[in-house]
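Note on naming: letters A, B, ... go to the chains in the order of the sequence lines (proteins, then strands), and numbering restarts at 1 for each one. Keep in mind that what you see is a predicted model, and the values were worked out from it rather than measured. Hydrogens, waters and symmetry mates play no part in the numbers below; they use all other heavy atoms, side chains included.
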Number of protein chains: 2
Amino acid sequence: MKKKRTTIKDIANVLNISAAAVSKALHNDSRISEKTKENVRQVAKNLHYQPNHLASALRSGKSNLVGVIVPRTNSNFFSSVIQNIEEVLNKKGYSIIITQSNESYDKECKSIDTLLYTQVDGIIASMANETVDLSYYEKVKSKGIPLILFDRGENDLNVDYIGIDDYNSSHIIVEHLVNQKCKRIAHIGGFKRTRIFNNRIRGYIDALKKYNLPLDDELLIESNLTIEDGRAKMKQLLSLKNRPDAVYVAGDYAALGALQVLNENNISIPNDIALVGFGNEPFTDMVTPRISSVNQHSEEIGKQAANAFLKHNKENIVEQTLNKIILNAELIVRDSSNKKTSL
Amino acid sequence: MKKKRTTIKDIANVLNISAAAVSKALHNDSRISEKTKENVRQVAKNLHYQPNHLASALRSGKSNLVGVIVPRTNSNFFSSVIQNIEEVLNKKGYSIIITQSNESYDKECKSIDTLLYTQVDGIIASMANETVDLSYYEKVKSKGIPLILFDRGENDLNVDYIGIDDYNSSHIIVEHLVNQKCKRIAHIGGFKRTRIFNNRIRGYIDALKKYNLPLDDELLIESNLTIEDGRAKMKQLLSLKNRPDAVYVAGDYAALGALQVLNENNISIPNDIALVGFGNEPFTDMVTPRISSVNQHSEEIGKQAANAFLKHNKENIVEQTLNKIILNAELIVRDSSNKKTSL
DNA sequence: TATATTTGCTTAAACGTTTAAACAAATATA
DNA sequence: TATATTTGTTTAAACGTTTAAGCAAATATA
């Protein structure tokens, strides 16, 4: 009843040669005559031969599959990174398996198990916010499987890491706001324990110092960076006696929430309060006013991550070491922080 | 140099039993004693045994991998569908491989090849806009691999299909606009050759007839539904002598473009022109005014698609037949088409 | 002409599982 | 007590490749 698949043996039988010869012919082995290769290709085509990946992967120990773990695909940043990883790896004969952790540590562990079980040749991951226990990732390392982290993770695991310069991004943002004559700059930051957010916070603090601006505890708030929390934290800032005249939010969704609250309270953006987000999600360019934000170079991150994996495989690196690639981020100035138009 | 993996044989050696016994113990075979099972589990744990998926898949002919093909992951609809497919299938021991066609036919063909090569147990797909030649999908069918289509594809291939009732959605939208006292309703539709968009167009036409509204050729426009084209087509509508008082756009991105043009021209929404989109992308709820849109029940579609695959596998269906599941869509009324507030 | 090298293939084992078939020992049934 | 059944295991083949080793024939080298 089941449709029989064509194997290398079927081709061998037709041509009266060995299966090994067929395998070599298909791999363009130099020890196989041009004539035989041609014959094999022809018969393979006629019989609709499709190589069995499982068999070759099992035998050769290479699955040509790379696992990608992201907190979610439903974000421009991550889906763009993925797309670029795929583009680079496809060209080299790899396919990717995408899994989402949904920011959950449990789901992340399951994803890792699935990927290991599937015998991936490598894992490219951005860690969930929740993740603090790294033993699961250590497991990947200890199996000798190349591990590349991007965006979230940085130097926690002593493996390759690709990300942007969060610390410096904060500097650029603060500098921009200073140029806009802002004097009291607030920061709605992410979780301090997540390194990238911590870096943004440190950058914010140091930049304030550099420009001799007040570093006020009330103006530095920790958030989970959802829309809802962005709203809540913005309300908190508005309730201050001494309101800020600029708010730098470490994530675009939270920045959107903040924007909604400002609009609802008829606060003029950017004149009363200027607003800057982070991530350059497409909607930042769609809302009113358009939100200034930081472009994280997702394309470049994806490409670099893929290349880092390829390098591992090519050079057969056994011991992984910390190898950071830090890209410069770019502030996209839009209406929400640009007072020049009012000149 | 390479780290050796623990195999079933290693466990067998430790316990002085056969590899077959270990395999059965791990699969909880009823013919293996509880004691042996316990021993096997213990040793497996100690040696950090991780089953080799390639070997078991090769032998058993089941890879426990399901391929998913979408036009792009960077859309709330698709990423939500994927998430729900994953949730259902993970519970049953399947992992999914996600590939993006980027709306390109070529990329779609490559994806199919990759998935077949990877020996997936099934493919769940939503076709690229470009796709008209179905021979590649026929290839999947002819290999006896379960194929499930959702959103794009419908009855073109005589396989399972899950989607919403596009025809009826148009009815609901027109009815809503009629209730809002709109008299000249325009439709910026998708490509006629793509069935779902064709259905929306047919629904629009029939609903106009039902409510005795003018069916004006100028008011029915074909678009690729990008933001840019939404802008262009809205400008086209505004240039008409006899402007519409409502515009129903078959995609949210194009609806957003239309909204921008209306705002730029200081046309009051919804009083001068009411606007309705399609897809309920999150940004419809973020822009000003918020855009009414149609919720496509991505969660339900994902779950149903996964279940359709599981059913195939369970019942060992060989010949695939057309089996449509059509869900009722839901119109989310927001500011862009709700005049009640002005009462 | 004798020997070495190259060419083009074959043989056979291996990758790590699963599974049908066989079988001995223990237990149940008549 | 003899026979049937159940229990718990082993043996061996199979899944479809790849690849090291081997070998005969053709060709090159001395």
Side-chain angles (χ1 to χ4, degrees), chain A residues 2-41 43-44 47-65 93 116-121 143-144, chain B residues 2-41 43-44 47-65 93 116-121 143-144:
Chain A
K2 287 220 175 152
K3 333 230 172 177
K4 254 292 190 64
R5 29 171 39 265
T6 305
T7 74
I8 228 170
K9 264 191 157 174
D10 299 325
I11 300 176
N13 286 340
V14 170
L15 293 171
N16 251 324
I17 57 177
S18 71
V22 175
S23 171
K24 287 177 183 168
L26 291 171
H27 287 85
N28 208 19
D29 189 297
S30 64
R31 298 281 286 273
I32 299 291
S33 69
E34 256 323 309
K35 192 176 171 183
T36 304
K37 285 182 189 171
E38 196 41 60
N39 288 339
V40 167
R41 279 192 281 260
V43 175
L47 299 183
H48 301 107
Y49 171 72
Q50 189 113 32
N52 185 324
H53 165 254
L54 299 171
S56 67
L58 175 60
R59 176 58 231 249
S60 65
K62 296 264 118 208
S63 70
N64 282 341
L65 252 31
L116 290 179
Y117 172 71
T118 315
Q119 311 296 124
V120 293
D121 290 343
K143 294 223 174 208
Chain B
K2 288 222 174 152
K3 335 229 172 177
K4 255 292 190 65
R5 29 171 41 262
T6 306
T7 74
I8 229 172
K9 263 192 158 172
D10 299 325
I11 300 176
N13 285 340
V14 170
L15 293 170
N16 251 321
I17 58 177
S18 72
V22 175
S23 172
K24 287 178 182 168
L26 290 172
H27 286 86
N28 209 19
D29 189 298
S30 63
R31 298 281 285 274
I32 298 290
S33 69
E34 257 321 310
K35 192 176 169 184
T36 303
K37 284 181 188 172
E38 195 42 60
N39 288 339
V40 166
R41 279 191 280 260
V43 174
L47 299 183
H48 301 108
Y49 171 71
Q50 189 113 32
N52 186 324
H53 165 254
L54 299 172
S56 66
L58 175 60
R59 176 56 232 251
S60 65
K62 297 264 118 208
S63 70
N64 282 341
L65 252 30
L116 290 179
Y117 172 70
T118 315
Q119 311 294 126
V120 292
D121 290 342
K143 294 221 174 210

- Task: Would you kindly compare B:L54 and B:R31 by the position of their nearest DNA chain C nucleotide and give the one closer to the 5′ end?
- Result: B:L54
- Query: Rounded to whole angstroms, how far apart are CG on A:D10 and P on D:dG16?
  - Reply: 9 Å
- Message: When you measure only distances, ignoring hydrogens and angles, does the side chain of A:K9 come within 3.5 Å of the base of D:dT17 through a donor and an acceptor?
- Response: no
- Hey, does A:S23 reach any base, or is it just sugar-phosphate, or nothing, if we go heavy atoms under 4.0 Å? base
- Nearest-0.5 Å distance, OG of residue B:S33 to CG of residue B:N39: 8.0 Å
- Task: Would you mind reading off the distance between B:K35 atom NZ and D:dG8 atom P, rounded to a whole angstrom?
- Result: 12 Å
- Query: Using a cut-off of less than 4.0 Å, is there contact between a side-chain N or O of A:S60 and OP1 or OP2 of D:dT18?
  - Reply: no
- Message: How many whole angstroms separate atom CG of A:L15 from atom P of C:dG8?
- Response: 16 Å
- Query: If you pin B:A19 and A:A20 to their nearest nucleotides in DNA chain D, which one's is more 5'?
  - Reply: B:A19
- Carboxylate-amine/guanidinium contact A:R41 A:E38, below 4.0 Å: yes
- Task: Using only heavy-atom distances, decide whether a donor-acceptor pair under 3.5 angstrom links the side-chain of B:K62 to the base of C:dT18.
- Result: no
- Item | Atom pair distance, as rounded to whole Å: CG in B:L26 and C1' in C:dG16 | 13 Å
- Task: Would you mind classifying the nucleic acid contact of B:H53 as base, sugar-phosphate or nothing, using non-hydrogen atoms under 4.0 angstrom?
- Result: nothing
- Item | Nucleotide forming a Watson-Crick or wobble pair with C:dG8, both distances under 3.5 Å | D:dC23
- Query: Can a side chain N or O of A:S33 be found less than 4.0 Å away from OP1 or OP2 on C:dC9?
  - Reply: yes
- Task: Rounded to the nearest angstrom, tell me the gap between atom CG in A:N52 and atom P in D:dT18.
- Result: 10 Å
- Item | Pairwise 5' ranking along DNA chain D for B:V22 and A:I8, keeping only the more 5' one | B:V22
- Message: In the structure I gave you, are the side-chain heavy atoms of B:L58 and A:N52 within less than 4.5 Å of one another anywhere?
- Response: yes
- Do B:R59 and C:dT17 share a donor-acceptor pair, side chain to base, under 3.5 Å? no
- Report the distance from atom CZ of B:R5 to atom P of C:dG16, rounded to the nearest whole Å. 7 Å
- Message: The side chain of A:L58 is closest to which nucleotide in this list: C:dT17, C:dC15, D:dT17?
- Response: C:dC15
- Query: Does A:S30 place a side-chain N or O at less than 4.0 Å from the phosphate oxygens OP1/OP2 of C:dT7?
  - Reply: no
- Using atom types as modelled and distance alone, determine if a side-chain donor or acceptor of A:K37 lies under 3.5 Å from a backbone N or O of A:D29. yes
- For C:dT10, does OP1 or OP2 lie under 4.0 Å from any side-chain N or O of A:S18? yes
- Task: For D:dT29, give its Watson-Crick or G-U wobble partner with both distances under 3.5 Å, or none.
- Result: C:dA2
- Roughly, in whole Å, what's the span from CD1 in A:I11 to P in D:dT17? 8 Å
- Just wondering, do B:V43 and B:V22 contact through their side chains at under 4.5 Å, heavy atoms? no
- Return the nearest nucleotide to the side chain of B:K24; candidates are C:dT17, C:dT19, D:dT19. C:dT19
- Output the single nucleotide from C:dT10, D:dT18, D:dT10 whose closest atom is nearest the side chain of A:I17. C:dT10
- Taking the side chain as C-beta and beyond, is there a heavy-atom pair between B:I17 and B:V40 under 4.5 Å? yes
- Message: I need the CD-P distance between A:E34 and C:dC9, as an integer number of Å.
- Response: 11 Å
- Quick one: is C:dT17 close enough that its OP1 or OP2 comes under 4.0 Å of any side-chain N or O from A:Y117? no
